[in-house]
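Computed from a predicted structure; not experimentally measured. Just so we're on the same page: letters track the sequence lines, and every chain starts at 1.
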Amino acid sequence: MLDIKFIRDNKDLIAAAAKKKLIKFNVEELISADDKRRLLMTSTEKRRAEQNATSDKITKAANPEERAGFITAMKIVKADLEKEETELKEVMTTWQNLMLQVPNIPDMSVPDGQTDADNKEVKVWGEKPSFAFEPKDHVEIMTKLGMVDFERGSKVHGFRGYFLTGDGVRLCFAIWNYALEFFSAKNFTPVLPPIVVRKINLFGSGYLPQGEEDLYKTQDGDYLAGTAEVPIMGFHADEVLPTAELPKRYLGFSPCYRREAGAHGKDIRGLIRVNEFYKFEQVILCEANHETTVKYHEEVNRNTEEFIESLGIPYHTVANCGGDLGLGQVKKYDIELWVPKEGKYREISSASYFHDFQCRRLNIRYKDAEGKLKYAYSLNSTAIPTPRILVSLIENFQQADGTIKLPAPLVKYFGQETIGGQSSLTK
RNA sequence: GGAGACGUGGCUGAGUGGUCGAAAGCGCCUCACUGCUAACGAGGUAAGCCCUAACCGGCUUCAUGGGUUCGAAUCCCAUCGUCUCCGCCA
C-alpha cells in the first residue's frame, strides 16, 4: 500500500512502476475514483457539520417548541446525508480495492526485463567443480544413501512428496544448527513463529489478495504461510515501536507451505520444488529511511552469501528484473547455487526490501526524532532453506564412490566428514 | 463441543442516550526547583482525513459492519477478536 497523496503527486512513477513490473494497473482509474471520493467527502462533511451544530442547538434549546423545530429540520438534512453517505461508501469500496493493487516503485537500479531469465548477474563466486567421473544428480545420490524416499513421499503426500530419512535428516539438523549459530552471531533474535496464520497477516505482508491460489487454507479460514516472514511481520502489527528498539532483527525458523499451483510440470524431479520445507528467514524492521533500508538489504543478502561461501558452494547473485518483482518489492536479489548435473544455477535465497509498503498495511509505526508517527520500513531475506540447499550441497560435493564429502563447518554438527561408505550412520 | 465475561488513547482504566475525543493514573514533552541526578511541583500530550502558504477551521474514529434515534462509546443485531470455566485431546 502506498500513500494516496504520493500516488497523486507521482502518478507517472506509478504507471512506470506497473509497466516495469508487468503489473496491470491503471493509475488514472484510481485518480478518478479518488477525485470522486474527495468531492463526496467534502460535501458529506459539510452536512455532518450542520447536523452536529443543530444537534448542539437541540441540547441547548430554550423551550420544547424550539427544540421540536430543530428536530424537524434535522430530519430533512438526515435524508440527504444518508443518500450521500451511501454513495460515498460505494466509492470507498472501489477506492480501497484499487489501492491494494498499486505497485510499489522499483528502485532505479532494478534492471528491465520480463522474467527471471532477464535478471542481471551482479556477482559470481566459487569454482564450479569438475568431476573426473560422471556426476549424478541429488536424487540418485541421496536415494542410494538412504537419505530420501520419493516413492513413499508420493504415496503418503502425493505429487512433490518426499521423506527425508537417515543421514538426510542428520544433515538437515546439522545445517539448522550451524545456521542458527551463524546467523545468531549476526545479532538476530531467533523466532519460532506460528505458521498457521490469520488471513490478515497475508494481506499485511502483501501475499494477498494476489497470491491466493498458492496458499493452503484451513477449514477455519486460516492459512498456512509460505514463509516465516508472514507471522514475523504480523508480530508487531498495530504497534508503535519505541524508536530506541529499532532496528528489530529477527531470525525466523519455520516449516513453509506452498501449493506451487502455477508451477505444474515445473521441476518435477527432486528437492528443488516441494510443497513443504523448512526455512530460516531474516526479517528487519527499521526507521523510514532509504539509505538505512538499502544498507540492511545489502547486509542480509551478504549474510546469506557468507553462509554459502563458508560451505564452499559456487553461486551467483542476481538483481531481479522488474517483471520478476512482487507488487510490494522495491528491489530484490536472488542468490542461486550451482547445480552441476543440471549445469545451471538454482535459486536458494531471495532478499527484498519494501520501504513502508508492508508496514503501512500492517500498521507498524514508530515515533521519529520530531515525535511524528511514521510507518517503519521492512525488509527480509532467506537465510537458508532446507531441503533445497541439499541439492547443490550434495551434487557439488559428491565423490566418485558415491559418498558425499561434507564442507568443513558442517563436520562439527554432523559428527563425521563423509556421508556414505563404511562409517556411515545411515541405517 | 457446552457456558459465560469482555473489546475505550502509547499503556492501565472510568464512563449506560446530548454538556464525551472521552475522567484518573502511568508514560512522554516543556518549564520551575536542585551543586548534579532522582523525587516533588506547574503546564502540555490521540490518530487519520479535508481545507490552508501557515495559523485557524471542519469531518471521522471508543474492535468491525449494520440498525434504532434529531442525536450513540452508551440501546439492538451480526461479524471478528480476547479471556475464563466445563468437556475432549496432544
Run the side chain to side chain donor-acceptor pair (under 3.5 Å) test against Asn104(A) and tell me which residues pass, sequence neighbours left out.
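With neighbours one apart ignored, the set is empty.
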Can you list everything that forms a ring-ring contact (aromatic ring centres under 6.0 Å, His included) with Tyr333(A)? Sequence neighbours excluded, please.
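With neighbours one apart ignored, the set is His297(A).
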Base-pairing assignment for C85(B) (Watson-Crick or G-U wobble, both under 3.5 Å)
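By the stated definition (distances under 3.5 Å), G2(B) pairs with C85(B).
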For A23(B), give its Watson-Crick or G-U wobble partner with both distances under 3.5 Å, or none.
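Matched A23(B) with nothing under the 3.5 Å cut-off.
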Assign each of Asp238(A) and Thr54(A) to its nearest nucleotide of RNA chain B by heavy atoms, then name whichever residue's nucleotide is nearer the 5' end.
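Mapping each residue to its closest nucleotide by heavy atoms, the 5'-most match is Asp238(A).
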Residue closer to the 5' end of RNA chain B, Lys89(A) versus Val240(A) (nearest nucleotide)
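Result: Val240(A).
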Scan residues 66-74 of chain A against RNA chain B and write down, sorted by residue number, each residue with any heavy atom closer than 4.0 Å; if none is found, say none.
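Heavy-atom cutoff 4.0 Å gives Arg67(A), Ile71(A), Met74(A).
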What's the closest nucleotide to the side chain of Lys78(A) if the choices are G10(B), G66(B), C70(B)?
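Comparing G10(B), G66(B), C70(B) against the side chain of Lys78(A), the answer is C70(B).
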Roughly how far apart, to the nearest Å, are [N] and [M] at atom [atom1]?
| N | M | atom1 | result |
| --- | --- | --- | --- |
| C51(B) | G13(B) | P | 39 Å |
| A38(B) | C28(B) | P | 11 Å |
| A53(B) | U69(B) | P | 42 Å |
| C77(B) | A5(B) | P | 13 Å |

Got Val283(A) and Val191(A) here, is their nearest side-chain heavy-atom distance under 4.5 Å?
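Val283(A) does not reach Val191(A) side chain to side chain.
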Which atoms form the tightest heavy-atom contact between Leu362(A) and Gly234(A), and what is the distance?
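Closest approach of Leu362(A) to Gly234(A): CD2-CA, 4.3 Å.
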Remember a base hit wins even if backbone is also touched, and classify [X] as base, sugar-phosphate or nothing at under 4.0 Å, heavy atoms.
| X | value |
| --- | --- |
| Lys57(A) | nothing |
| Asp56(A) | nothing |
| Lys75(A) | sugar-phosphate |

Is the distance between the ring centroids of Tyr296(A) and Tyr353(A) under 6.0 Å?
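So the answer is no for these two rings.
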Every protein N/O within reach of nucleotides 79-83 of chain B N/O, cut-off under 3.5 Å:
residue: G81(B); atom: OP1; partner: Arg198(A); partner atom: NE; Å: 3.4
residue: G81(B); atom: O3'; partner: Arg198(A); partner atom: NH1; Å: 3.2
residue: G81(B); atom: O3'; partner: Arg198(A); partner atom: NH2; Å: 3.0
residue: U82(B); atom: OP1; partner: Arg198(A); partner atom: NH1; Å: 3.4
residue: U82(B); atom: OP1; partner: Arg198(A); partner atom: NH2; Å: 2.8
residue: U82(B); atom: OP2; partner: Arg198(A); partner atom: NH2; Å: 3.2

Neighbour count >12 (heavy atoms, 6.0 Å) for atom [atom1], [X]:
| X | atom1 | value |
| --- | --- | --- |
| Ile200(A) | CD1 | no |
| Glu298(A) | CD | yes |
| Tyr278(A) | OH | no |
| Lys186(A) | NZ | yes |

Between Glu181(A) and Lys412(A), does any NZ, NE, NH1 or NH2 come within less than 4.0 Å of an OD or OE carboxylate oxygen?
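Salt bridge present between Lys412(A) and Glu181(A).
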Is a side-chain donor-acceptor pair under 3.5 Å present for Thr304(A) with Gln282(A)?
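Side chains of Gln282(A) and Thr304(A): pair found under 3.5 Å.
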For C59(B), does OP1 or OP2 lie under 4.0 Å from any side-chain N or O of Asn52(A)?
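Looking at the OP1 and OP2 atoms of C59(B), one of them is under 4.0 Å from a side-chain N or O of Asn52(A).
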Quickly work out the Leu39(A) CG to C59(B) C1' distance and round it to whole Å.
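Spelled out: CG on Leu39(A) to C1' on C59(B) is 15 Å.
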Sub-3.5 Å pairs of nitrogen or oxygen atoms, protein against nucleotides 50-52 of chain B:
residue: C50(B); atom: OP1; partner: Arg38(A); partner atom: NH1; Å: 3.4
residue: C50(B); atom: OP1; partner: Arg38(A); partner atom: NH2; Å: 3.1

Enumerate the ring pair (Phe, Tyr, Trp, His ring centres under 6.0 Å) contacts for residues 229-261 of chain A, please, sequence neighbours excluded, ordered by first and then second residue.
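As it turns out, the ring pair (Phe, Tyr, Trp, His ring centres under 6.0 Å) pairs with a partner in residues 229-261 of chain A, which skip direct neighbours, are Trp176(A)-Phe253(A), Phe235(A)-Tyr250(A), His236(A)-Tyr250(A), Phe253(A)-Phe280(A).
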